[in-house]
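Below is one structure, written out as structure tokens; comments come after it.
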2 protein chains.
Amino acid sequence: MGARPTIHDVATRAKVSPATVSRLLNGSARVGPDTEAVVRQAMEELGYVPSRLAQSFARGSSRTIALLVDGDGQSLQGNAFLMTIALGLGDVLADADYSIRIINGHQAMRQNRQSAAEWTRDRWRRHEFDGAVITNPTMTDALIEAIGAASIPAVVIGRYPHAQGLVQVDVDNVGGMRMATTHLTEQGHRRIAFLGPPPSLTVSSDRRQGYMEALARAGIKSDSDWLLETEGTDLEAFSFEAAHRTMTSALNQPWSWTAVVACNDEMALGAVRALTEKGLRVPEDVSIVGFDDLPFAHMVTPALSTVHQDIRQLGQHAGRALLAAVEGKPVAELTIQTVSFVTRASTAKANAFDWALDLET
Amino acid sequence: MGARPTIHDVATRAKVSPATVSRLLNGSARVGPDTEAVVRQAMEELGYVPSRLAQSFARGSSRTIALLVDGDGQSLQGNAFLMTIALGLGDVLADADYSIRIINGHQAMRQNRQSAAEWTRDRWRRHEFDGAVITNPTMTDALIEAIGAASIPAVVIGRYPHAQGLVQVDVDNVGGMRMATTHLTEQGHRRIAFLGPPPSLTVSSDRRQGYMEALARAGIKSDSDWLLETEGTDLEAFSFEAAHRTMTSALNQPWSWTAVVACNDEMALGAVRALTEKGLRVPEDVSIVGFDDLPFAHMVTPALSTVHQDIRQLGQHAGRALLAAVEGKPVAELTIQTVSFVTRASTAKANAFDWALDLET
DNA sequence: GCTCTGCGTGAAACCAGTTACAGAAAAATC
DNA sequence: GATTTTTCTGTAACTGGTTTCACGCAGAGC
């Protein structure tokens, strides 16, 4: 058939005004039952679908939310996280007829020498999106602050200390780590190391705190020798390689712990590698727990005991919060999502010898 | 201050017509040098940014491409793949001022009881996007065919046999598997098993073919006992669990191979688990290779030897192809991207004993 | 000096909806 | 039965750009 039918065509065919069709379409006002029937039939016959372009334009809103990513990051791991968040957002936002657009801040530089923050703000002003989701620590602090300052409705996933007025959604890092550590104490471990970056980011400090709390609750006096700190920039310090290096050098000196809690799964695997290279077995010689329950955590051998978080649900929380923010409704400043510990094969009971050793000291 | 400046405000301030401003903005016609200076200054002073909503509307195109995903899939692994593809698309499309929208076909059902295919077609007709990227086997055949039939510009990632006129982009599955298998023969292995789903999908049949070819080239006569077939629906048959089951039952019978090539990394890990449970060591007792080089492949112990594919680059290829398709330029029907084999710790030389055994038969 | 060409520019139509306003008809109230 | 209220519908302005067409003006060609 010819060109795409417009609301006008429908109106003509149904012998009503376009206004009436529009009203029927989005229920903005009441329409008589017989009129409705006629119009619906006309729409049916013409196969009419309203142009979203025109709708957005007329309404002055694209009903789109932006998922801000920093596309230079090579981390496939992070990508899995992001896409899962995106799906969670979609679960919530699709019902409200919003769609999700991926905006890669890193491209700003390449394109117009603008800062990512300015660039994002411009795109917001161009009505490319109504609100944004930012994942920390993927994005730089400057960007997050700029978003806040421009008063763009936004939610930050992963806590961010300096965000003013920004809505935040995060998993219970301290609770999760407490559960992981407690699992080890319950298995009889008394000397437990923590492998992680220095507490410069909220994630790392929260997780370390959870470890500390669990120790305290179990009546164990923590030892600074048990703090295995990785090195590198913020993101590097969370990596497999950093964990492997730190663990290897720790094993080159005398050590006393029988279990290690790693700041995330990737680092747990780094530890496993280092241990294996020294001829030690997991979990027979040392138990290991991780955090995140990444997709591969149950596939590695031994399967990793770790803290599970429902990332898609996290995305849904973020979606709901953002929706409220965009529509100007009141929003909780901070939503913390609960996590759970899953016991697999990388942890085992502390053996009798270790018990004895511990009682001795 | 006050309201957002429009092209009209700029025109008034610069004492020209809006048409001239528009022309300058997108270089659609020449503008005198002095006019240009005046207009640019006016834009600067007002802090003018054109409304993308209005632009899209006027041009009748949203300059958006859709990344079609099937959001019910729980596979975080697949999510990493999708987001990486998205970033690759972005690398190419952002330069052409296109943006990427995630469209989750699975939500169609929940929402309007429409089939995903109809739903997608409607959204296309609503001008929500100009072209689409489909990843196979995430999406159903029906959808892919419907997209083709509706003549929506689209590219399929991963080959799809029944696609007519659809542009396809894929990695070199047969070449990759040939390399992986050849690596094993070069290490002295003569009896090599293939762990994978039956060849119902293009991916699986291509990969199996690569294995066969490598065997043939090495002068090895393949044995049907070496074909370890997993079971389950298309996607399940590619999973860790399926591989683990098949491998376990294979090990409960006498077997003769000294190495196994798995259809993908996940399945390789399933094999490692089964082997380990039987007290066999990787790679000392049996060597294993995978395919995909997923992010964790180098983090597991032993690190997995596997076929590496540059997924982001794959996304870039797809982006270029789609761009051409959208703009009506000629496009190569099929782009095959080369892959490389990376040797890590899960493969080792066949030992002398096995050699002897082989010569004997 | 007159016509021809081409460049730069403005006026106005156009894209496809939404919505404020007003008016007519029907229903409710007194 | 007259008045008020409510419900339904149409008219027309508006969203902010793009693009066609026509025209004025300058330099080139004769």
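Fair warning: this is a prediction, and the values are worked out from it, not measured in the lab. So you know, we letter chains A, B, ... as the sequences are listed, proteins then strands, and number each from 1.
With Asp9(A) contributing its side chain and Thr6(A) its backbone, the two residues share a donor-acceptor pair below 3.5 Å. Side chain of Thr335(B) to main chain of Val169(B): no donor-acceptor pair is present (N/O by atom type, distance under 3.5 Å, no hydrogens or angles).
Stacking between Phe57(A) and dC15(C) is absent: the ring centroid is not both under 5.5 Å from the six-membered base ring centre and under 30° in plane angle.
Nucleotide dG17(C) holds its C1' atom 16 Å from the CG atom of Leu46(A), rounded to whole Å. dC15(C) atom C1' lies 17 Å from atom CZ of Arg52(A), rounded to whole Å. When rounded to the nearest whole Å, the span between CZ of Arg4(B) and P of dT15(D) equals 12 Å. Protein atom CE of Met43(B) is 14 Å distant from nucleotide atom C1' of dG17(D), rounded to whole Å. Rounded to an integer number of Å, the gap from NE2 of His8(B) to P of dT15(D) is 10 Å. Rounding to whole angstrom units, CD of residue Glu128(B) and P of dA16(C) are separated by 16 Å. When rounded to the nearest whole Å, the span between CD1 of Ile7(B) and C1' of dT18(D) equals 8 Å. Rounded to a whole Å, the OH atom of Tyr48(B) is 10 Å from the P atom of dG16(D).
Among the heavy atoms of the strands lying under 4.0 Å from Gly32(B) are primed sugar atoms or P, OP1, OP2 only; no base atom is included.
At most 12 non-hydrogen atoms from other residues, nucleotides or ligands lie less than 6.0 angstrom from CD of Gln41(A).
Across the interface with DNA chain C, nearest-nucleotide mapping of Ala58(B) and Val31(B) shows Val31(B) to be the residue nearer the 5′ end.
Aromatic ring pairs are classed by plane angle as parallel below 30°, tilted from 30° to 60° and perpendicular above 60°; the pair Trp124(A) and Phe129(A) is tilted.
Contact annotation: Gln55(B) side-chain N/O to dG16(D) OP1/OP2 distance is not under 4.0 Å. For the pair Arg30(A) and dC8(D), the criterion of a side-chain N or O lying under 4.0 Å from OP1 or OP2 is met.
Using a 4.0 Å cutoff on non-hydrogen atoms, the parts of residues 14-28 of chain B near DNA chain D are Ala19(B), Ser22(B), Arg23(B), Asn26(B), ordered by number.
The side-chain heavy atoms of Arg312(A) and Asn79(B), taken from C-beta on, include no pair separated by under 4.5 Å. A heavy-atom distance below 4.5 Å is found between the side chains of Pro50(A) and Arg126(B). Residues Thr35(B) and Val16(B) meet the side-chain proximity criterion, which asks for heavy atoms closer than 4.5 Å.
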